[in-house]
Amino acid sequence: MKIRFYNSLTNQEEDFVPLEPGKVSMYSCGPTVYDFAHIGNFRSFLFGDLLRRFLELAGNEVHHVMNITDVGHMVEGEADKMMEAANRVKANKKSGRVPEGAIQDPNDPYQIAEYYTQAFLQDARRLGYKVAYEYPQNVPRATDHVEGVDGMIGMIQKLLDRGHAYIAEDGVVYYSVESFPEYGQLSGNSIEKIKSNAGGRVSDENQSRKKHPGDFMLWKPDQNHIMKWDSPWGVGYPGWHIECSVMARKLLGRDVIDIHTGGEDLIFPHHECEIAQSCGTTGQDRFARFWIHARFLFVENEKMSKSLGNFYTARDVFEGKVKVADDKTGSPVEMGKKVHPAVLRFELIKSHYRMNMNFTVKGLIDSAQTIDRMVEFRKSLEEKTDGESADVDLSHPVLDAFALALADDLNISGALGVMLPWIKGDHPDPNLSLAVFKKMNSVLSVAPINEGISGAAEEVESESEAAELEQAQQWANQMDAARKDKDWPTSDAYRDKIHAAGFEVQQTPEGSKIKRRLGV
RNA sequence: GGCGUCGUAGCCAAGUGGCUAAGGCAGCGGAUUGCAAAUCCGCCAUCGUGGGUUCGACUCCCACCGACGCCUCCA
């Protein structure tokens with residue numbers, strides 16, 4: 001199968017063939033753990049997951065690594081991220097958003113990072129993000145890779161030795177972009193253009209110490225920083241970009257990796273700097289052979305931002321905190337209905353990664369509908385087959401068409417255009433159909449959400465959820481009794497109750513059946 | 001200003017130099033139903049604008065309009 005991806009490095013689609021046949025090395029930029037991850041983060045992460053799962057479907061063994069950025073980096077004119085988080089945690093503890101006792105000491109950045117790391121992993125796992133199940137071996141934390149010759153300090157030293165870095169008069173270690181003529185290739189910049197400092201966000205005072213305005217920090221000596229390590233250049237902390245160069249090389253075990261993913265905003269400066277550092281260290285002309293970037297997510301056609309009130313974390317969505325216009329007043333109110341993780345996952349992966357996706361309540365409703373259909377389909381096949389599926393490979397025409405669509409720059413719409421009508425069609429051989437469905441679901445991972453993840457816990461209903469189900473089923477039984485007596489008003493009353501409790505009721509020859517709504 | 005991505009029905013969205021422009025949602029009509037839900041059947045677009053190339057373009061080229069991103073916080 002010919003696989004093609006759009007490579008940001010060359011701005012064109014290219015044939016993808018891993019360096020080592022059948023084995024793909026892939027690195028994704030992960031979250032900075034100073035707050036709960038939002039749906040925009042997950043759009044980018046889940047795109048990486050989809051990519052990885054597709055490559056696996058295509059017969060590759062994928063070594064996927066994603067970092068956790070738990071170092072607070074100073075931003076000029078702004079508070080350090082971890083400091084910011086500390087202040088927020090203190091406020092949130094009062095409001096109950098961060099549970100009492102979750103973080104003993106909000107002034108300890110390691111505790112804050114740990115808390116948000118665990119929260120992230122939990123969200124990611126609920127969303128079927130495969131690499132999150134491989135923590136910690138494939139999900140390294142930046143703070144674990146600062147020291148040592150194969151750590152950030154080692155790489156910075158190597159860059160100094162090789163003449164790609166220098167120590168400025170204020171003791172800060174900078175990367176010298178002029179030592180790396182390819183700097184700017186990824187983002188379409190050139191060292192000349194960067195010199196003009198078009199963005200104008202960096203103060204003159206800071207610029208004056210650098211040899212070139214584009215030079216970026218590798219190590220900053222700072223005794224007062226909230227997180228600090230000893231180094232040959234004094235006690236301080238590393239620059240933001242160096243961690244990815246180090247961890248990609250260290251964990252993937254190679255100087256040139258196949259794929260590097262991230263959000264489009266990371267192209268410049270983050271990924272540009274990673275390339276400069278990695279190539280500067282290894283002497284190779286490439287760091288990642290393919291750079292694949294996901295576009296931004298919008299919410300109801302607007303950029304997601306806290307000030308617009310449309311900023312949602314994954315858990316906000318799970319908990320039904322997405323806002324909808326109130327029927328009467330038109331002002332935004334929380335929709336109040338829980339959203340199943342599979343629905344959110346599907347919503348975030350169902351549009352092409354290189355298109356801006358627009359997150360909407362209507363989209364969630366659509367997704368819930370689609371997932372529901374898939375779940376029902378699978379259930380009916382499993383009932384017919386006792387869960388026994390046949391063996392199937394990509395030579396099956398439906399799977400072939402499905403995979404072929406994805407092989408074309410991850411054309412998910414095309415793939416769904418194969419899958420959904422197929423589900424609707426006839427299935428004379430349920431064992432075979434089940435096998436086909438499972439293969440498709442190993443990529444989509446929505447019905448159920450943990451397809452192909454060994455050791456992933458089955459979704460367990462909590463006690464209160466089980467009680468709700470029990471209650472709803474009792475109403476359904478009473479509904480049946482009323483229907484038997486043709487007592488329609490009573491029957492309808494029970495149906496309303498069932499709906500209000502978040503369930504669907506279906507009339508079947510064996511009586512009314514209860515099904516939990518997926519949400520929305 | 002520079003570098004990119006994109007513009008297909010009410011919404012999401014695939015695709016092709018020429019047969020009927022996928023698929024999903026919503027909507028409409030029908031079957032079914034006590035009424036609904038679910039299900040099933042059917043209906044529902046000429047592809048941002050203006051030029052050009054061509055026997056023929058929505059698909060190729062040019063211009064314009066519009067949306068969005070990046071140009072040292074950001075997935």
Side-chain angles (χ1 to χ4, degrees), chain A residues 6 8 11 28-32 37-48 73-81 84 177 184 186-190 192-194 196-202 206-207 210 213-217 239-241 261-273 293-298 301 303-305 347-348 350-358 360 362-363 365-370 372-373 376 401 405 408 411-424 483 486-489 491-492 495-496 498-499 504-508 512-513 515:
Chain A
Y6 185 91
S8 307
N11 282 327
S28 298
C29 281
T32 302
H38 57 70
I39 54 178
N41 298 129
F42 277 113
R43 140 89 151 166
S44 155
F45 301 149
L46 291 178
F47 140 70
H73 297 285
M74 288 293 269
V75 178
E76 217 173 311
E78 286 175 43
D80 180 277
K81 290 249 181 79
E84 211 178 277
V177 295
L186 177 67
S187 57
N189 276 312
S190 68
E192 265 315 298
K193 282 184 202 151
I194 290 164
S196 62
N197 191 22
R201 292 194 209 163
V202 179
N206 224 321
Q207 288 295 18
K210 298 192 211 169
D215 292 351
F216 56 91
M217 190 185 101
W240 171 37
H241 316 299
T261 72
E264 58 173 333
D265 55 321
L266 294 181
I267 293 172
F268 193 90
H270 186 53
H271 289 163
E272 197 71 75
C273 295
H293 293 98
R295 302 228 27 195
F296 261 56
L297 167 142
F298 282 68
N301 286 312
K303 195 165 178 175
M304 183 165 73
S305 75
E347 176 66 11
L348 294 176
K350 76 178 180 188
S351 47
H352 189 86
Y353 73 94
R354 225 147 34 74
M355 301 272 263
N356 278 138
M357 84 149 282
N358 190 19
T360 61
K362 188 174 186 307
I365 295 169
D366 284 5
S367 291
Q369 195 107 217
T370 305
D372 194 51
R373 181 167 294 179
E376 290 298 315
D408 178 14
N411 182 352
I412 182 78
S413 300
L416 291 172
V418 171
M419 182 185 194
L420 296 172
W422 171 76
I423 288 179
K424 244 184 173 171
R483 282 167 54 80
K486 297 200 192 302
D487 181 357
W488 310 128
S491 168
D492 290 349
R495 182 160 60 204
D496 289 344
I498 292 166
H499 283 172
E504 292 290 345
V505 56
Q506 286 182 6
Q507 306 301 331
T508 73
S512 298
K513 278 192 180 167
K515 191 177 75 183

Within this structure, what is the [atom1]-to-[atom2] distance between [X] and [N], rounded to whole angstrom?
X        : N     : atom1 : atom2 : answer
A/Met357 : B/A75 : CE    : C1'   : 13 Å
A/Trp488 : B/C35 : CH2   : P     : 9 Å
A/Phe42  : B/C74 : CZ    : C1'   : 16 Å
A/Glu264 : B/C3  : CD    : P     : 18 Å
A/Lys515 : B/A37 : NZ    : C1'   : 10 Å

Problem - Backbone N/O of A/Met355 and side chain of A/His352: donor-acceptor pair under 3.5 Å - result: no

Problem - Side chains of A/His499 and A/Asp496, donor plus acceptor under 3.5 Å - result: no

Problem - Distance-only donor-acceptor test, A/Ser190 side-chain atoms vs B/G2 base atoms, 3.5 Å - result: no

Handout entry: Nearest-Å distance once atom P is located in both B/C41 and B/A57
Key = 37 Å

Between N or O atoms, less than 3.5 Å apart, protein on one side and nucleotides 22-24 of chain B on the other: list the pairs.
unit_1 : atom_1 : unit_2   : atom_2 : d
B/A22  : N1     : A/Ser413 : O      : 3.4
B/G24  : OP1    : A/Lys424 : NZ     : 3.3

Exercise for the section: State which residues pass salt bridge (Lys or Arg N to Asp or Glu O under 4.0 Å) with A/Lys515; sequence neighbours excluded, sorted by chain then number. Expected result: A/Asp372, A/Glu376

Handout entry: A/Gln369 side chain near B/A26 phosphate (N/O to OP1/OP2, under 4.0 Å)
Key = yes

Problem - Results of ring pair (Phe, Tyr, Trp, His ring centres under 6.0 Å) for A/Tyr353 - residues two or more places apart only - result: A/Phe47

